[in-house]
Amino acid sequence: MDCRATHTFRLKSYSIERLQETVRQNLDCLLRILQYNRDHDLLFFRIGSQLVPFASHPVNQFDWQEYFAPRFQAIGRFAMEHEMRLSMHPDQFILINSPDEGVFERSVAELRYHVQVLDLMGLPPSAKVMIHVGGVYEDRQASLQRFITRYSLLEPAIRKRLAIENDDVSYPFADCLTLHQATGVPVVFDCFHHSILNQGESVAEVMPSFVATWEAQDGPPLSHYSSQQPDERTGKHADTIDLVDFERFLQVTKPYDLDIMLEVKDKEASALRAISVARNDERFVASRVATAS
DNA sequence: TCTGGTCAAGGTGGT
DNA sequence: ACCACCTTGACCAGA
């Protein structure tokens, strides 16, 4: 792809004109990306958080939702027409379990922005916004409990789309499962994070409880796939997909219908190689048949 | 046109 | 105490 849907600018440069121009550019590019993806059987895409720069910042008083509504709708229609699934992943500043109320409030505002994007596109609740559990704040149990309390304070529109993902430093899959049991929030399984931080369970052992966190309206369970960058610190994502390892992941998850997102630097280059492997997988063939019918 | 410093936001771990 | 890093690196001033 020769464009990115994540153009932004410095806060200093903020103006309504600049915002309009940048968002218009990003939305045009997003549609082109989805067209490319359709042409290459890539049916799952994560939209960058910078689609609307400073969307939840106090500087932004512009009604971008209203102004760009037709473009959002057109993108959503395209995605649904081609049975694509879209998702978003707010970045590391979004911490709904922070003891600091200000951090919580800013996080809610940012979540609201992400959810609005998917709502404006008219996408079903299976289009998810995923976050990590948050910080530990020197007390894991209290911080897990605070997540549960804060989750209950979120407006329904946000809860409808929210999902949580296991991380590689603080909260392994087992903690996410506990939070699911308390809140109903679906769990995104990141297999690379799991390989770094776990409680001794193999990927195969995790699968049944992971997929069970997804209700019918949430869509197929979401997973993230990546692998270790050789000769780098533990946790560093590889620049490109390791096809041998990826095939192993496909084998281990064989009995389950999943959507898989690749987290790699070279993006569609790896995605195309992954597709070439996944084409041999009966689950992939099934989804193609469904799309063609 | 190219390059290097810098960018809204928080938390963690390594030095 | 300070810094690099985080799923992804892009902007912008100055040369």
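Letters A, B, ... are given to chains in the order of the sequence lines, protein chains preceding strands, and every chain is numbered from 1. Atoms considered below: every heavy atom in the structure, side chains included; atoms not considered: hydrogens, waters and symmetry mates.
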Salt bridge or not for A/Arg24 and A/Asp28, using N-O below 4.0 Å?
-> yes
Report which part of the nucleic acid A/His224 touches: base, sugar-phosphate, or nothing (heavy-atom distance under 4.0 Å, all strands).
-> nothing
C1' gap between C/dC3 and B/dT6, integer Å = 15 Å
Give a yes/no on whether any side-chain N or O of A/Thr8 is located under 4.0 angstrom from OP1 or OP2 of B/dC7.
-> no
Let me know which of A/Arg46, A/Met261, A/Met130 forms a side-chain contact (heavy atoms from CB on, under 4.5 Å) with A/Leu222.
-> A/Met130
Same-atom distance (C1') from C/dC11 to B/dG10, integer angstrom | 22 Å
Can you tell me, in whole Å, how much space there is between the C1' of C/dC5 and that of B/dT3?
-> 23 Å
Using a cut-off of strictly less than 4.0 Å, decide whether A/His89 has a side-chain nitrogen or oxygen near OP1 or OP2 of C/dT8.
-> no
Separation of atom CG in A/Asp266 from atom P in C/dT7, rounded to whole Å = 17 Å
All pairs passing ring-ring contact (aromatic ring centres under 6.0 Å, His included) where residues 140-178 of chain A contributes a residue, at least two apart | A/Phe173-A/Phe189
Within less than 4.0 Å of OP1 or OP2 of C/dC11, is there a side-chain N or O belonging to A/Arg4?
-> no
Checking only heavy atoms, does the side chain of A/Arg46 share a donor-acceptor pair with the base of C/dT7 at less than 3.5 Å?
-> yes
Check the angle between the aromatic planes of A/Tyr14 and A/Phe54 and answer parallel, tilted or perpendicular using the 30° and 60° thresholds.
-> perpendicular
A/Tyr36 and A/Leu51: same hydrophobic cluster, using ILVMFWY side-chain contacts below 4.5 Å?
-> yes
Span that lies between the C1' atom of C/dA4 and that of B/dC7, in whole angstrom = 15 Å
Specify the residue among A/Lys265 and A/Lys236 whose closest nucleotide of DNA chain C lies further upstream toward the 5′ end.
-> A/Lys236
Any link between A/Val129 and A/Val103 through a network of hydrophobic side chains (Ile, Leu, Val, Met, Phe, Trp, Tyr) touching at under 4.5 Å?
-> no
If you write DNA chain C from 5' to 3' in dot-bracket form, with Watson-Crick or G-U pairs under 3.5 Å, [ ] for crossing pairs and | for pairs with another strand, what do you get?
-> ||||||..|||||||
Give the ring-plane orientation class for A/His193 versus A/His132, where under 30° counts as parallel, over 60° as perpendicular and anything between as tilted.
-> tilted
Do A/Phe104 and A/Leu95 belong together in a cluster built from hydrophobic side chains that touch within less than 4.5 Å?
-> no
Find the distance A/Arg233:CZ to B/dG13:P and express it as a whole number of Å.
-> 12 Å
With ring centroids as reference points, do A/His224 and A/Phe192 lie under 6.0 angstrom apart?
-> no
Nearest-Å distance once atom P is located in both B/dC2 and C/dT7 | 32 Å
P atoms of C/dA1 and B/dA8, separation to the nearest Å | 27 Å
Give me the distances for all protein-to-nucleotides 8-12 of chain B N/O pairs that come in under 3.5 Å?
from: B/dA8; atom 1: OP1; to: A/Leu11; atom 2: N; distance (Å): 2.7
from: B/dG11; atom 1: OP1; to: A/Ser98; atom 2: OG; distance (Å): 3.2
from: B/dG11; atom 1: OP1; to: A/Tyr137; atom 2: OH; distance (Å): 2.9
from: B/dT12; atom 1: OP1; to: A/Val136; atom 2: N; distance (Å): 2.5
from: B/dT12; atom 1: OP1; to: A/Tyr137; atom 2: N; distance (Å): 3.3

